[in-house]
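These notes concern the structure reproduced below.
All values derive from a computational prediction rather than experimental measurement. Both counts, for ligands and for their atoms, begin at 1 and track the order of listing.
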Amino acid sequence: MFVLENGAKKGEEQRLQAISQAIRVVPHFPKQGIMFQDITTLLLDHKAFKDAVDIFVDRYRDMDISVVAGVEARGFIFGSSIALGIGAKFVPLCKPGKLPGEVISEKYVLEYGSDCLEMHVGAVQASERVIIIDDLVATGGTLSAATRLLERAGAEVVECGCVIGVSDPKVGCNKVNGKPLYILLEPREVENDF
Ligand SMILES: O=P(O)(O)OC[C@H]1O[C@H](OP(=O)(O)OP(=O)(O)O)[C@H](O)[C@@H]1O
Ligand SMILES: Nc1ncnc2[nH]cnc12
């Protein structure tokens, strides 16, 4: 692909716009004041979905990544596709009680209450280079817990990657828990044509 002087790939701007357009914005879901970014409509658009995955694959394919860890539930969709694209294994990070084997767990705080992520012991070997993928980052609490889980297993977290970054003061400087954070798109703030 043709590469511009500033490093941006020709056509990437249009691809990003089409990906953004394919994400449905649902005001006040699941509660008043939230502009919900619904990625299920992106999945209905084969080209836009593939373009989104391909951008991550292009970014990570030559970075010696052997593990893609995806956060339940929507991180599974993008994470497993990216893992196939770069030839890495996929490791699911699950909500409590979903994994049958021995697990390690990390709790994290949500806006209201708390949650927990679990990972199978032995899924990742010490020193493996990992990227963590989710659909969206807001407070960064979920990705922080994911990072802690992988680091407890001795893995090297190279980067966290998300399709959408909802701005939150705690997710400053494109870092989460000290690790680089790559965000494909800003959220759409107005309803679109769905
Ligand atoms: O940056 P944070 O503030 O931690 O929020 C981001 C997380 O919130 C959403 O998942 P949710 O917890 O709603 O779970 P779900 O995917 O199972 O619906 C989203 O898919 C991220 O995983
Ligand atoms: N605005 C939002 N849209 C979709 N998922 C979310 N998780 C947290 N905030 C969200």
Side-chain angles (χ1 to χ4, degrees), residues 16 19-45 48-49 52-53 55-56 67-83 90-99 103-120 123 130-152 157 159-194:
L16 288 174
I19 297 163
S20 178
Q21 293 285 353
I23 296 168
R24 171 168 49 189
V25 177
V26 184
H28 311 302
F29 181 87
K31 59 182 189 200
Q32 192 68 23
I34 302 280
M35 291 296 271
F36 191 81
Q37 310 288 313
D38 177 17
I39 57 88
T40 66
T41 50
L42 171 61
L43 309 179
L44 301 176
D45 180 337
F49 179 31
V53 170
I55 292 171
F56 284 98
V67 182
V68 179
V71 179
E72 185 175 355
R74 291 168 261 159
F76 289 0
I77 300 164
F78 297 98
S80 55
S81 304
I82 294 164
F90 177 74
V91 172
L93 307 179
C94 295
K95 302 289 166 71
K98 302 283 186 73
L99 293 170
V103 296
I104 55 172
S105 315
E106 274 289 335
K107 288 206 173 78
Y108 56 99
V109 177
L110 295 165
E111 208 175 348
Y112 297 102
S114 65
D115 211 336
C116 180
L117 283 179
E118 297 185 339
M119 178 175 72
H120 266 147
V130 181
I131 53 168
I132 303 172
I133 300 292
D134 206 349
D135 68 320
L136 181 142
V137 56
T139 67
T142 306
L143 283 176
S144 281
T147 303
R148 293 196 301 275
L149 261 190
L150 268 307
E151 289 193 324
R152 278 172 55 198
V157 178
E159 189 163 89
C160 296
C162 286
V163 179
I164 307 158
V166 174
S167 68
D168 183 294
K170 289 193 281 308
V171 186
C173 311
N174 285 338
K175 293 234 171 200
V176 64
N177 207 22
K179 299 294 166 191
L181 171 64
Y182 173 73
I183 291 169
L184 197 63
L185 296 170
E186 291 186 343
R188 302 178 58 87
E189 294 299 345
V190 287
E191 248 178 295
N192 43 7
D193 300 331
F194 284 96

Given 3.5 Å as the limit, does a donor-acceptor pair link the side chain of [X] with the main chain of [Y], or not?
{"X": "Asn177", "Y": "Lys179", "result": "no"}
{"X": "Glu72", "Y": "Pro92", "result": "no"}
{"X": "Arg74", "Y": "Thr40", "result": "no"}
{"X": "His28", "Y": "Gly33", "result": "yes"}
{"X": "Thr41", "Y": "Ala22", "result": "yes"}

Provide the number and element of each atom of ligand 1 under 4.0 Å from a heavy atom of [X].
{"X": "Ala73", "answer": "16 (O), 17 (O)"}
{"X": "Leu136", "answer": "6 (C), 21 (C)"}
{"X": "Asp134", "answer": "20 (O), 21 (C), 22 (O)"}
{"X": "Val137", "answer": "1 (O)"}

Taking atom 2 (P) of ligand 1 as the point of reference, which of Val109, Val71, Ile77, Thr139 owns the nearest heavy atom?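 Ranked by closest heavy atom to atom 2 (P) of ligand 1, first place is Thr139.
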
Given Arg74, Lys95, Gln37, which has its nearest heavy atom closest to atom 9 (C) of ligand 1?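 Heavy atom nearest to atom 9 (C) of ligand 1 belongs to Arg74.
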
Is there a polar contact between ligand 1 and Gly140, counting only N or O atoms under 3.5 Å apart?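 So ligand 1 has an N or O lying under 3.5 Å from an N or O of Gly140.
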
Would you say Tyr108 and ligand 1 have an N/O pair spaced under 3.5 Å apart?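 By distance alone, the answer is no.
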
I'd like to know whether Ile55 forms a side chain to side chain contact (heavy atoms under 4.5 Å, CB included) with Leu16, so could you lay out the CA-CA distance, the side-chain angles of the two residues, the decisive distance to 0.1 Å, and finally the verdict. CA-CA 9 Å; Ile55 292 171; Leu16 288 174; 3.9 Å; yes

For the atom pair [atom1] ([X]) and [atom2] ([Y]), what is the distance rounded to the nearest 0.5 Å?
{"X": "His120", "Y": "Ile104", "atom1": "NE2", "atom2": "CD1", "value": "11.5 Å"}
{"X": "Lys95", "Y": "Leu117", "atom1": "NZ", "atom2": "CG", "value": "6.5 Å"}
{"X": "Tyr108", "Y": "Cys116", "atom1": "OH", "atom2": "SG", "value": "8.0 Å"}
{"X": "Phe76", "Y": "Asp134", "atom1": "CZ", "atom2": "CG", "value": "9.5 Å"}

Indicate, as side chain, backbone, both or neither, the part of Thr142 found under 4.0 angstrom from ligand 1 when only non-hydrogen atoms are considered.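 Answer for Thr142: both.
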
Exercise answer, ligand 2 polar atom pairs (N/O) under 3.5 angstrom:
residue	atom	partner	partner atom	Å
ligand 2	1 (N)	Met35	O	3.1
ligand 2	3 (N)	Gln37	N	2.9
ligand 2	5 (N)	Arg74	NH1	3.2

